[in-house]
Amino acid sequence: MKILVASDIAEEGISKLKKEFEVDVKKGISKEEIMSIIENYDGVIIRSKPNITEDIIKKGKNLKVVARAGVGLDNVDVTCCQGCGIKVVNSPQASSESVAELAFGLMLAVSRNIARADRLTREKRWEKKSLMGYELNGKTLGIVGFGRIGRNIGRMAKACGMNLIAYDPPLTEEQIRAGGAEPVNLQKLIETSDVITLHVPLMPSTRHMISDKQFEMMKNNVIIINTSRGGIIDEDALCRAMKSGKVLGAGLDVFEEEPPLNSKLLEFDNVVLTQHIGASTHEAQKRAGIMIADEVIKALK
Ligand code: NAD
């Protein structure tokens with residue numbers, strides 16, 4: 001059988017695949033080229049790009065599996081694959097630790113003004129008084145979405161002396177307590193957290209789940225962390241909440257529009273912005289490559 005690797009996946013994963021299949025690696029391949037060769041392949045592996053759209057799937061007469069190394073299947077027409085009897089697999093657990101570490105890093109960066117202190121120091125401005133921060137120890141962390149990443153950040157926050165509360169309606173209270181957090185409803189989480197961190201999938205029910213109404217209910221000086229998906233927070237509402245002084249600062253890895261070139265968020269000094277790099281570690285990428293190779297082998301055997 002033949003596999004097309006259409007993205008940059010870890011060498012360890014490619015070696016695994018080569019033991020089982022004929023493998024063609026074509027990173028950065030154009031849509032036109034995929035369209036012209038896809039019928040020769042039994043499986044295709046991608047990352048967040050390229051998109052596997054209906055027209056590609058229809059051309060893939062021999063396709064049996066579409067594999068996305070990493071989380072999220074936004075770039076795969078899953079319904080069309082299912083209709084054509086093509087399996088869709090991914091490796092969502094590969095980056096859970098890395099994303100949680102980034103979220104934790106953003107919490108510290110905001111609470112201790114790390115990015116701003118760096119900027120001022122480079123500008124040769126020694127302004128210690130403006131860099132007074134807050135400890136995380138003893139504060140309440142509200143975790144929205146207590147899945148793989150949410151539980152990992154909970155573990156890290158607990159080690160730092162934080163109290164954990166979590167909102168995750170699909171989980172039972174016992175499951176949340178077993179992960180070390182107190183289960184609460186969204187309103188209680190919003191009203192009582194000193195830091196709120198978001199780890200839910202983006203769906204119609206979670207789009208803008210943090211907007212003006214929620215910001216109004218929050219404690220003053222709350223810190224907001226989002227490493228999930230941009231649309232979960234209403235960015236205009238976040239800007240309003242920062243302008244009013246309600247929000248102390250925010251750490252954001254994801255944006256409603258990426259890259260956020262024209263975002264109003266860029267005007268705020270108390271926002272730490274990263275470039276959707278939650279999964280960008282050597283460990284997570286190696287794990288994603290190996291896991292996706294295993295998934296493809298399982299799907300085709
Ligand atoms: P997961 O599926 O393990 O956990 C998500 C949790 O959210 C689940 O426990 C689910 O029950 C809960 N949930 C679903 N709907 C909810 C709702 N309306 N309210 C509260 N909880 C709800 O997912 P994960 O691997 O922990 O990933 C979490 C998020 O992180 C996803 O949005 C994912 O896309 C994102 N992510 C970002 C990066 C990055 O690079 N920044 C990398 C990987 C994942």
Side-chain angles (χ1 to χ4, degrees), residues 102-123 125-136 138-145 153 157 162 165 167 184-200 202 204-278:
L102 181 75
F104 196 68
L106 288 171
M107 272 163 57
L108 284 169
V110 176
S111 64
R112 298 305 307 274
N113 300 303
I114 293 174
R116 195 153 61 85
D118 176 79
R119 280 197 297 276
L120 288 173
T121 310
R122 288 168 196 277
E123 289 167 14
R125 292 164 61 190
W126 199 253
E127 298 180 13
K128 282 179 73 166
K129 278 200 179 124
S130 76
L131 293 170
M132 191 66 79
Y134 289 90
E135 288 183 350
L136 295 178
K139 301 295 189 314
T140 297
L141 175 65
I143 305 173
V144 181
I153 191 161
M162 298 187 86
I165 57 176
Y167 169 68
V184 290
N185 63 32
L186 186 58
Q187 183 171 345
K188 174 105 190 271
L189 184 144
I190 282 171
E191 287 174 348
T192 54
S193 298
D194 299 295
V195 181
I196 297 176
T197 187
L198 303 168
H199 303 286
V200 288
L202 179 60
S205 59
T206 58
R207 179 174 290 279
H208 286 190
M209 76 188 289
I210 304 296
S211 190
D212 288 304
K213 185 172 156 223
Q214 288 70 33
F215 283 118
E216 273 162 32
M217 292 191 294
M218 289 178 195
K219 280 172 139 179
N220 289 332
N221 279 341
V222 65
I223 291 175
I224 307 290
I225 304 296
N226 188 15
T227 60
S228 59
R229 284 290 182 262
I232 310 275
I233 294 186
D234 176 347
E235 286 178 4
D236 288 337
L238 173 61
C239 289
R240 285 189 283 276
M242 280 191 300
K243 212 168 228 167
S244 75
K246 168 70 87 174
V247 170
L248 178 78
L252 308 172
D253 187 43
V254 288
F255 306 91
E256 294 197 56
E257 199 183 306
E258 293 183 5
L261 299 178
N262 302 309
S263 173
K264 282 188 236 152
L265 290 164
L266 303 179
E267 294 164 20
F268 292 89
D269 210 24
N270 50 344
V271 182
V272 180
L273 310 154
T274 53
Q275 308 195 353
H276 206 142
I277 55 168

If we only count heavy atoms from C-beta on, is the L186 to M217 side-chain gap below 4.5 Å? no
Side chains of N113 and L120: closer than 4.5 Å at any heavy-atom pair? no
Just verifying a value: how many Å separate E127 CD and T121 OG1, rounded to the nearest 0.5 Å? 9.5 Å
Would you indicate whether the side-chain heavy atoms of M162 and M107 approach each other to under 4.5 Å? yes
CG of D253 to CG of L106: how many Å apart, nearest 0.5 Å? 6.5 Å
With side chains defined as the heavy atoms from C-beta onward, is the minimum distance between N270 and V247 less than 4.5 Å? no
How long is the gap from CD on E256 to CG on L265, to the nearest 0.5 Å? 8.5 Å
Got a second to check how far S228's OG is from M209's CE, nearest 0.5 Å? 9.0 Å
Flag if over 12 foreign heavy atoms under 6.0 Å of CZ, R240: yes
Separation between NE2 (H199) and CD1 (I143), nearest 0.5 Å, reads 6.5 Å
Please tell me if the side chains of T192 and K219 come closer than 4.5 Å, counting only heavy atoms from C-beta onward. no
Between atom CD1 of I196 and atom OH of Y167, what is the distance when rounded to the nearest 0.5 Å? 13.0 Å
Any salt bridge between D118 and R122, counting N to O under 4.0 Å? yes
Using the test salt bridge (charged side-chain N to carboxylate O under 4.0 Å, His left out), find all partners of E258 that sit at least two apart in sequence or belong to another chain. none
Side chain to side chain contact (heavy atoms under 4.5 Å, CB included), paired with V144, selected from L189, T206, I165: L189
I'd like to know if the side chain of Y134 pairs up with that of D194 as donor and acceptor (distance under 3.5 Å, no hydrogens or angles considered). no
So I233 and L252, do their side chains get closer than 4.5 Å, heavy atoms only? yes
